[in-house]
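So the structure is just underneath, and the comments pick up after that.
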Amino acid sequence: MGSMGSCLCQPVEEDHVCFDALEEDRPEESVKVEDALRFLKLFDPQKTGFLPRQTIATIVQLCSRLSEEKLEEILKGAPSNSRGFEYSYIVPFILWPEVPIYDLEDPKSLAKYLLDADVRLVRAPYFYKLLQSNRCMPRRQEAEHDSCEVNGEKVSALVSHEEVAEWALGRRDALVCSVSHAWESREHPDPCNFQLQNLVDSVALWDAAFVDDVWLFYDYVSLYQFQRDTAEQEASFRRAMSNMHMMYAHQSTLTFRLECLTPADTWTARKEDSTYKVPIYHLPSNSIAWVPLSELMENFAFYLDRGWCRAEIEWSAARGIPAQNIAIDGEPGKEVTVKMVPTAPEVFGKRMTTSAFTHRNDASTVVDLQRKIFHQKVTVRKHLKLEHLTQADMVELAASLPYFPQLKVLDIYIFQAGEAEAKAFFEVLSSMKLEKLSLTYARMALDVGSLDVATFASMIELSFESCHMGNRLAEVIAEVLKTNRTLTRINLKGNQITDEGVKAVADAMAYNTTVTDLDLRYNQGIDSDVGKQAIRLLEERLEGNRAAAEAAEAKRSRIRGDHRADGRADKFPGRLRIQALADKLTHGGTLSKLSVFNANLGDAVIQVLIEALQHNRSVTDVNLTKNNITYIGAKALAQMLTVNLNITHVYLGGNQIGDAGTEALAQMLKQNRSITNINLHANQIGSDGIQVLAEALQENDAILEISLREIEYHPRRLLSPNPFEETDEGRQALDRIKKRCEANREARATADIKKLVEELKTGAKTEINLRNHFIGDAHVQALSKALKINKSVTRINLEQNLIQDAGAQALSEVLRHNRCITHINLSCNEIGLVGAKALADSVQQNDAILDINLEVNPWRHHDVKGQVLEGIKEQCKANRAAAEARAKVPDEPATEHVSP
């Protein structure tokens, strides 16, 4: 600490602050609070490095003399430039001096948090035991006295702190998984065991697939719940809450999202069954009592509308690794785009004002935790990986990137950006010092020629794969090659570069001595005579650079006297156990999804899993995305699918099955009528393969969607291109596939609506769930006629369909007459301002409507249209308040928990 005065203050020349008083031989009282704050504002880590923790502690102690309001006012005055962002690193230490700041990378720090707050993880076999015995999940207070069986041995249901410590020290293998879920009633999160069933279905697969034990954080079982009888239990709960983000943002954990609520018909059946009881804490008797479901206070808010759930998604995004944030429930084929762009605290705070909380005062807790994690995680992150970003996400990303002072690697897989978004994005990049930039399957409306060459000055690796940016990109890269002396690898695959662009890049290599790998595959220009000659010249120059680089590295190795192995920045926790997973599949069970994605397993390992699926009758979804599967694995899969007719969804994106693998799948589809969805994007499929597939589908009336390119039949889907797009025959075949799938979807949707209308006539149906059924305006209009006279349906889910203004207007007419419907989910449709206004008018006239979800519709970001959405939300909020007042529910002590 003695070097602080001389070292850290040197960059501050014009407004120097003397901190000699922070030396060990000087009393802290001689330092003024104002001096500490002035130092913070002038602190520039790019020149000085980060403050030592001891120094931070001293400054925090000084600043603690101010009121929190005054301190926040001063902190908000931090400059909004790159220097100001680094200064925000110490904000958490100042705003929460009484709360420990745990490291979000080190497993030992996670173990310490679990110990300090006495949070207990739950063994996966305990959940199996609960489900098998048809028991509801118990509170932590009861669970800690329970047991389960692991490998034939009886052990405690909850993992001990000693076991966690062994894991943190690397002496024990375990996957730590945090469950993000809704609380479906105030008193118990899962009174119908619906979440428990979905959790066991998925966790059993993970348990079989990995050598590691599976330990889960589930708030109701892991934290002391109401009523907490001792001061120790209350202190444990408060300490856990103060750093709850640790469970969802720590690099050593995974997030399992349970997004679906108990189906209304299941809930109603249990509610009407007088013999069905739920164990909850009963205040009058001060004990656990078994009560009917009807006595619980229900909470049917959608997962994404809940404050804690949205926060847990946000915190999980802070890890920067999509594979560690997984939705594990839902109907087959469900595709959820997980938010991956970290949100600045001020934006997050505004969003929380519209989120649902069982206890409204939880909102401030969530916002404070978000602020803490944002400053703690973002300011030290060096690697950021994002997937499937929309234009709105790109706006947030451009706003957030300046908060990443140490970021070195930025990897974005599949995104869209208009001219304004792309320009803002690259302007931010020009002020950063990235070492690696990877943009894959991007669609940007940008004049590439306007890019500043200086943006790439510090980069070591640069990738623009399948961005279709043409010769202008090649010209920019050529200019970069002439001046850059740090780049070693460049990837320009799939960019529609002609021979002119290839030649420009090859010529520029004459000026470059550092690039050793330059990939130009899947570009038009490499097959012409001019292109082939340029490629030969390029390879000669790259070979020369490689020889020079190898000689230099050999010399450095001799000087170092060591050997350094490559490491993965985004290494997935856990070791895969393929044979055990295959055995699990062979012996069946209740598992419905096999998801082994981004594991790079290869054909041989994949064939073991495919063979195990041959006679499996429970799995309906198979996700083998990014596993280095070639035509060999694709042929094995096709053969299995001629036998197994239970699988409906197959995901093979990001592999290398090529034309031969596509043809094998096409032959299978001539026979199979079970598969409805196949994803084949980014598989190097050429014109021959796509034509065979198109021909085979003319005989198939079951297939609803084949994803082959970036924008596939649905404006929300972001998928990637294949080489067949570059030929007229390939594009024509794609058009035939599109028309066939559209015809099949139309027939399926019409049949679904016709069947539903007949069911509504019985008056027994209480919930309609047509999520992702390709429902359009005509279908909604037919359904609306039946709903006008129906008196039984209360909830309607039409999420992720093709509904536009006409369909929304038809539903608004229903709401003018029907007083039974309380919830409608219309998110992820194509409703414009006209339809939104019609719904807003109907809500004003119908106080029975408690919630209309219109998120992710194309109009929502416009100011005027956004006001319409806010108006609907406010009216629904007023309706809910009025309904609660009418119910006259007496006040009772609330069950406190993490996820309402």
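What you see is a predicted model; the values in this text were computed from it and never measured.
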When rounded to the nearest 0.5 angstrom, what distance separates [atom1] in [X] from [atom2] in [Y]?
X      : Y      : atom1 : atom2 : value
Lys408 : Glu461 : NZ    : CD    : 14.5 Å
Ser463 : Lys436 : OG    : NZ    : 8.0 Å
Ser707 : Asn677 : OG    : CG    : 7.5 Å
Met459 : Leu434 : CE    : CG    : 4.5 Å

Backbone of [Y] reached by a side-chain donor or acceptor of [X] within 3.5 Å:
X      : Y      : result
Asn471 : Ala474 : no
Arg536 : Gly531 : no
Asp106 : Asp103 : no
Thr516 : Thr488 : yes

With a 4.5 Å cut-off on side-chain heavy atoms, are [Y] and [X] touching?
X      : Y      : answer
Leu439 : Phe415 : yes
Asn495 : Tyr522 : no
Leu652 : Thr625 : no
Ile460 : Leu487 : no
Ile685 : Leu680 : yes
Ile477 : Leu492 : yes
Ile737 : Ile690 : yes
Thr255 : Ile326 : no

Original post:
Given Asp735 and Lys739, is the salt bridge (charged side-chain N to carboxylate O under 4.0 Å, His left out) satisfied, shown in steps?
Top reply: CA-CA 6 Å; Asp735 189 55; Lys739 289 179 178 178; 3.3 Å; yes
So, for [X] and [Y], which heavy atoms are closest and what is the spacing to 0.1 Å?
X      : Y      : value
Asn325 : Ala317 : ND2-N, 4.4 Å
Arg319 : His250 : NE-O, 3.1 Å
Gly661 : Ala634 : CA-CB, 3.7 Å
Gly633 : Asp603 : N-OD1, 3.2 Å
Ser687 : Gly730 : OG-N, 3.7 Å
Leu175 : Asp212 : N-CB, 3.8 Å

Original post:
Among side-chain atoms of Asn679 and His681, is any donor-acceptor pair under 3.5 angstrom?
Top reply: yes
Subject >> Side chains of Thr483 and Glu479, donor plus acceptor under 3.5 Å >> reply: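 No, no side-chain donor-acceptor pair sits under 3.5 Å.
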[X]: which residues meet the side-chain hydrogen bond (donor to acceptor under 3.5 Å, both in side chains) condition with it, sequence neighbours left out?
X      : value
Gln607 : none
Asn627 : none
Glu427 : none
Glu500 : none

Is the count of non-hydrogen atoms from other residues, nucleotides or ligands lying under 6.0 Å from [X] atom [atom1] greater than 12?
X      : atom1 : result
Tyr631 : OH    : no
Glu419 : CD    : no
Glu539 : CD    : yes
Glu435 : CD    : yes
Glu611 : CD    : no

**OP:** Check the angle between the aromatic planes of Phe464 and Phe456 and answer parallel, tilted or perpendicular using the 30° and 60° thresholds.
**Re:** perpendicular
Original post:
If you draw the axis of the six-membered ring of Phe404, does the NZ or CZ of Lys382 fall within 45° of it and under 6.0 Å from the ring centre?
Top reply: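 No, Lys382 does not sit over the ring of Phe404.
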**OP:** Any chance you could lay out the side-chain contact (heavy atoms from CB on, under 4.5 Å) test for Gln691 and Glu729, step after step, and finish with the verdict?
**Re:** CA-CA 7 Å; Gln691 289 183 71; Glu729 294 82 1; 3.5 Å; yes
Subject >> Criterion side-chain contact (heavy atoms from CB on, under 4.5 Å) on Leu637 and Val650, from CA distance to verdict >> reply: CA-CA 10 Å; Leu637 178 65; Val650 178; 4.0 Å; yes
What residues, two or more places apart in sequence or in another chain, satisfy salt bridge (charged side-chain N to carboxylate O under 4.0 Å, His left out) together with [X]?
X      : value
Glu543 : Arg546
Lys532 : none
Asp517 : Arg489
Lys493 : Glu465

**OP:** Evaluate side-chain contact (heavy atoms from CB on, under 4.5 Å) for Ile629 paired with Leu624, printing each intermediate quantity in order.
**Re:** CA-CA 8 Å; Ile629 301 172; Leu624 300 175; 3.8 Å; yes
Subject >> Worked verdict on Leu462 versus Asn491 for side-chain contact (heavy atoms from CB on, under 4.5 Å) >> reply: CA-CA 6 Å; Leu462 182 59; Asn491 180 3; over 6 Å; no
Subject >> Residue list, side chain to side chain contact (heavy atoms under 4.5 Å, CB included) with Ala422, at least two apart or on another chain >> reply: Ala417, Met444, Leu446
**OP:** Could you please spell out the steps behind the side-chain hydrogen bond (donor to acceptor under 3.5 Å, both in side chains) verdict for Asp452 and Thr455?
**Re:** CA-CA 6 Å; Asp452 185 356; Thr455 301; 4.9 Å; no
**OP:** Could you note down all residue pairs passing side-chain hydrogen bond (donor to acceptor under 3.5 Å, both in side chains) where residues 653-666 supplies at least one of them, sequence neighbours left out?
**Re:** Asn628-Gln656
Subject >> Pairs satisfying salt bridge (charged side-chain N to carboxylate O under 4.0 Å, His left out), at least one member in residues 678-695, at least two apart >> reply: Glu695-Arg736
Hey, can you pull the donor-acceptor pairs under 3.5 Å for the side chains in residues 505-513, sequence neighbours left out?
unit_1: Asp507; atom_1: OD2; unit_2: Lys503; atom_2: NZ; d: 2.9
unit_1: Asn512; atom_1: OD1; unit_2: Thr514; atom_2: N; d: 2.8
unit_1: Asn512; atom_1: OD1; unit_2: Thr514; atom_2: OG1; d: 3.4
unit_1: Asn512; atom_1: OD1; unit_2: Val515; atom_2: N; d: 2.8
unit_1: Asn512; atom_1: ND2; unit_2: Leu481; atom_2: O; d: 3.3
unit_1: Asn512; atom_1: ND2; unit_2: Asn484; atom_2: O; d: 3.3

